[in-house]
2 protein chains.
Amino acid sequence: MDEGGNDAFETGDAEPFDMAGRRPITLADVAREARVGESTVSRVLRSHGSFSEKTRARVEAAVARLGYVPNRIAGTLASTGSRLIGIVIPSLTNIVFPDLLRGATAALEQEGFQSVIAVTDYDQDREEAVVGSLLSWRPAGLIVTGLEHNPGTRRRLAASGVRVAELLDTDGPGLDIVVGYSNRAAGEASARHLVGRGYRRIGYIGHDLTKDRRAAKRYAGFRDALRETGLALADEERVASPSSVEAGRQGLAALLARVPDLDAAYFSNDDMALGGYFHCLAHGIAVPGRLALFGYNGLDVGRLMPQPLATIRTPRVEAGATAARLLCTGSPATVVDLGFELIEGATA
Amino acid sequence: MDEGGNDAFETGDAEPFDMAGRRPITLADVAREARVGESTVSRVLRSHGSFSEKTRARVEAAVARLGYVPNRIAGTLASTGSRLIGIVIPSLTNIVFPDLLRGATAALEQEGFQSVIAVTDYDQDREEAVVGSLLSWRPAGLIVTGLEHNPGTRRRLAASGVRVAELLDTDGPGLDIVVGYSNRAAGEASARHLVGRGYRRIGYIGHDLTKDRRAAKRYAGFRDALRETGLALADEERVASPSSVEAGRQGLAALLARVPDLDAAYFSNDDMALGGYFHCLAHGIAVPGRLALFGYNGLDVGRLMPQPLATIRTPRVEAGATAARLLCTGSPATVVDLGFELIEGATA
DNA sequence: GTCCGTATTGGCAGCGCTGCCAATACGGTG
DNA sequence: CACCGTATTGGCAGCGCTGCCAATACGGAC
């Protein structure tokens, strides 16, 4: 009666069967098989509370025999907190966010947590929607990108009482935990570096800054620092598309068409800068003799170009890992500035 | 009595309060607030079953007033299936997997599913562990990469009865749903293309093929197709590290040091090929006059190089989206070969 | 006004697990 | 041998929601 058959016409009124006609194995099955109580099985499986060595062996044998897989859905509902962390990133196209994920998932796994991810496409309304969706899983914490969120998102976050870590930006007030670096300062450092090297006719090539707020902060920092030295941006080109190698290549081409005597180009990130470098290679523009290039992010690819790209290396993986760890360990609200590193390279 | 206070010393024996001293709002609260039954609230929130317009308005008003967020953990436990799909990928470093994720999460979101991701670092034992971990969330389906899994993984997958989609490879028997393309055929096509162009002293630069089984299949296809034309690989260089621009650059350097008269280099993917291209640029090696380069994946960056990279474009985003859709809609087991496209480029 | 079919609605038993608490077993002690 | 403190163990009430089913309301048709 217990082991029935795979009879598809089974009409018993209580037993739920899966598609293959098997009843899912539950903790109660394991308890029966091991001839111990349910709570004993639960304790053994979580190594929590006390039990004898003999019992542990019995339970583990039963688990193996039945091929039991604990149901964390039930476990989470019964206990208070889940072992889930929600991660909200704007994009998967730009390698910086997978980097962030990489750091976070590695740290999370170590702490026994699982990550649920959601992508916003740099849209704050979509961010609000995915935050709501993630909150319905009652996560132990949420990792979001940046400090800018619309009021609805803030309200939901606050109402949920869930711990939040905001990443990759420290220029502004945070909600709870903040891990990142100053984009504004990065922009400023870039400007000072170029000016220090003697460049004077400096242009900017960026992407859609209304959506990418961190890029906008770098731009602002760059422009302001330039102004402080008495210079102004010679010109700028904003490509409407998201940042990409292609956007950088086309953006630089457009900018040079307007301002042929530019002596340096500041890109909103390394992908764009790589595109600019390709444009220079293709058109015989000497780098940095005729035109200097400066990026942002410190991607590997920049380091391996024939002339290493001048850029700013950001600790993205570390930011993800740090945030994950703080969230898992229940750290108090804090701001962690991981800083950045200016890489002189050879293109500026 | 109902609205109590935020009294931290509340000693009532039943009410669970969160860190902020608030009792989480449940569906029962909403029902009380809207003066309807719990099941009515449930029906309205899921737009499932019938209810009057008046009731919908009442419920929605109550939800808004209380700021209620449904608890999907409880919902999933009570109903049969979850709206979670587990995604297992080998790495987040190589952009192809974020691409896959991108396709999958976009399609999943459209169907009202959420994704839980896990990374294996190309390690089959870790794959087994993360599959077990994902299964404990009782996902509606699992997306895994490739067709090779160790016996433990296969056993768990089979025992769980969960639908599985295997991605990016069609060279071999699948477990259930398979979406991808033939890596072997891609390798063959690459070899035939290079031979057709007149190259004869062809070398291979790859990474760790014991871990990346799909790269190994391309390599095998390439080598076999070469042999069929009466040629043999002039030499090959296997870098021990994972694939990267750096590995490609160093690998080509090492190979050319051994075989200076190579006339074409086949790389295990575009990242490696880009590294090789950079080596050529840095050392004044004319491409393709002196050395032809061929990659795999069809990354954007290859298209934008001064000379577009000869490569094979793979539909990674589409594969993720297709798999997600098939899983969500409960498609029967099937193999979907999305094919690939050879891009002639200018480097070969 | 009566009767019946359909549209709405509420009650309540679980889903599988954990947390609490009482029950029992074990190992000395006096 | 009775007694006590500690180590193990089992029972069972929920966690918040959904699914089932019975109860009620509504809207004509007769």
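Numbers restart at 1 for each chain; the letters A, B, ... are given by sequence-line order, proteins then strands.
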Is T26(A) near enough to dC15(C) that one of its side-chain N or O atoms lies under 4.0 angstrom from OP1 or OP2?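 Checking T26(A) against dC15(C): no side-chain N or O falls below 4.0 Å of OP1 or OP2.
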Is S50(B) near enough to dA7(C) that one of its side-chain N or O atoms lies under 4.0 angstrom from OP1 or OP2? no
Residue [X] excluded, over 12 heavy atoms near [atom1] under 6.0 Å:
X       : atom1 : result
R35(A)  : CZ    : no
R154(A) : CZ    : yes
E111(A) : CD    : yes

Could you list, one pair per line, each protein nitrogen or oxygen that sits under 3.5 Å from a nitrogen or oxygen of nucleotides 18-25 of chain C, together with the distance?
{"from": "dT18(C)", "atom 1": "OP1", "to": "R46(A)", "atom 2": "NE", "distance (Å)": "3.4"}
{"from": "dT18(C)", "atom 1": "OP2", "to": "S42(A)", "atom 2": "OG", "distance (Å)": "2.5"}
{"from": "dG19(C)", "atom 1": "OP2", "to": "R46(A)", "atom 2": "NH1", "distance (Å)": "2.8"}

Counterpart base for dA22(D), defined by Watson-Crick or G-U wobble contacts under 3.5 Å: dT9(C)
Interatomic distance, [X] [atom1] vs [N] [atom2] [rounded to whole Å]:
X      : N       : atom1 : atom2 : value
R32(B) : dG10(C) : CZ    : C1'   : 15 Å
R35(B) : dT9(C)  : CZ    : P     : 16 Å
F51(B) : dT6(C)  : CZ    : C1'   : 17 Å
K54(A) : dT9(D)  : NZ    : C1'   : 11 Å
D29(A) : dG16(C) : CG    : P     : 9 Å
N71(B) : dG16(D) : CG    : P     : 7 Å
L66(A) : dG16(C) : CG    : C1'   : 15 Å
L45(B) : dG16(D) : CG    : P     : 16 Å

Touch check for S52(A), heavy atoms < 4.0 angstrom, all strands: base, sugar-phosphate only, or nothing? sugar-phosphate
Could I get the full list of side-chain hydrogen bond (donor to acceptor under 3.5 Å, both in side chains) partners for S42(A), not counting sequence neighbours?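 Per chain and number, S42(A) pairs via side-chain hydrogen bond (donor to acceptor under 3.5 Å, both in side chains) with R46(A).
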Taking side-chain hydrogen bond (donor to acceptor under 3.5 Å, both in side chains) as the definition, give me every residue that meets it alongside S136(A), ordered by chain and number, with sequence neighbours left out.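 S136(A) satisfies side-chain hydrogen bond (donor to acceptor under 3.5 Å, both in side chains) with R72(B) only.
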DNA chain C: R138(B) or T40(B), which has the more 5' nearest nucleotide? T40(B)
Is a side-chain donor or acceptor of D99(A) paired with a backbone partner of R316(A) at a separation under 3.5 angstrom?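 Answer holds: no.
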If you round to the nearest 0.5 Å, how far is CD of E127(B) from NE2 of H149(B)?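 Separation between the atoms: 5.5 Å.
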